[in-house]
Every structure is written in structure tokens, then in C-alpha cells.
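Residues: numbered from 1 along the sequence shown.
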Amino acid sequence: MSITLAERISQRHGIAPERVADWVFRQGLPPARRLLVILVGPFAGGAFSHDRQVAEDFSRATNREQVTDAINLLHRAPVYEHAFVRGTLGCRLSGRRLAALANDLLYGPTG
């Protein structure tokens, strides 16, 4: 059985397995927006539920194809749900950031 990205993250970064999806969520956000998500999150209800689901799917991936499937879910986010928080404020996961993270985890720092 192949090792999941969550297991790789736990091993490489020393993150507890139950905290990996949250770590992936934060890593997938633009750095300038991470604090904003922490501040807005408690008041935004389910604004980040879709992004968190993508982070969970990403964490369960064992190969590049599964990573691509998880990233493709970003494009299927319900636009009517919390569009202001996710879109206007720019508080949404970046597929490019997730792809770069996956490449580092699967192929090493040189990609």
C-alpha cells in the first residue's frame, strides 16, 4: 500500500496526523491571507468547508493523479456559498500552492 501525503507530511514536518489537513489548508492559502482566515473563520460559518474538504482529499492522496483530482475540486466550489469571504477577500486555497506542495512531497524539493 502506498504512503499518503498525510503520512509524508507527518514524517517530514513532525505534524500530528489529526492536524495534517488543517496544516495543508493553511499551506494552500496565500501567506498574506492566513491571518485573515484565522480572524474571519469563526464568523464566516461554513465559508471554508469546501476548501477544508479539498485539503482532506489532498491529504489522503497517494499519487499525482489523486492530487490532481483533489485540486480539480477547487473549481467545483459552490459559488453562492460565502462568495464574499472566499472570492472577494481572496481567502481560498490555491491549486498552484497545493500542486507545488504535492510535487515536493512526492518527488523531493527539486520537483
Original post:
Roughly how far, to the nearest 0.5 Å, is the CG atom of Asp51 from the CG atom of Leu73?
Top reply: 11.0 Å
**OP:** Evaluate whether atom CZ of Arg64 has more than 12 neighbouring non-hydrogen atoms of other residues, nucleotides or ligands under 6.0 angstrom away.
**Re:** yes
**OP:** Any chance you could measure Ser59, atom OG, to Gln66, atom CD, to the nearest 0.5 Å?
**Re:** 12.0 Å
**OP:** Could you list all the salt bridge (charged side-chain N to carboxylate O under 4.0 Å, His left out) pairs where at least one residue sits in residues 4-17, not counting sequence neighbours?
**Re:** Arg12-Asp104
Original post:
At what distance, to the nearest 0.5 angstrom, does OG1 of Thr62 lie from CD1 of Ile3?
Top reply: 10.5 Å
**OP:** Not counting sequence neighbours, which residues clear salt bridge (Lys or Arg N to Asp or Glu O under 4.0 Å) with Arg96? List them please.
**Re:** none
**OP:** Would you give the length of the straight line joining atom OG1 of Thr68 to atom CZ of Phe58, rounded to the nearest 0.5 angstrom?
**Re:** 10.0 Å
Original post:
Can you name the nearest heavy-atom pair linking Ile71 to Ala99, along with the distance?
Top reply: CD1-N, 3.7 Å
Subject >> From CG (Leu74) to CG (Leu93), nearest 0.5 Å >> reply: 5.5 Å
**OP:** Kindly compute the distance separating OG1 (Thr4) from CG (Asn63), expressed to the nearest 0.5 Å.
**Re:** 11.5 Å
**OP:** Evaluate the side-chain proximity of Val67 to Leu105: yes if any heavy-atom separation is below 4.5 Å, no if none is.
**Re:** no
Sequence neighbours excluded and cut-off under 3.5 Å, please list the side-chain donor-acceptor pairs for residues 20-45, or say none.
residue: Asp22; atom: OD1; partner: Arg52; partner atom: NH1; Å: 2.9
residue: Asp22; atom: OD2; partner: Arg26; partner atom: NH1; Å: 2.5
residue: Arg33; atom: NE; partner: Leu89; partner atom: O; Å: 2.6
residue: Arg34; atom: NE; partner: Arg26; partner atom: O; Å: 2.8
residue: Arg34; atom: NE; partner: Leu29; partner atom: O; Å: 3.3
residue: Arg34; atom: NH2; partner: Gln27; partner atom: O; Å: 3.3
residue: Arg34; atom: NH2; partner: Leu29; partner atom: O; Å: 3.2

**OP:** Identify, with sequence neighbours excluded, every residue that meets side-chain hydrogen bond (donor to acceptor under 3.5 Å, both in side chains) alongside Gln53.
**Re:** Asp57
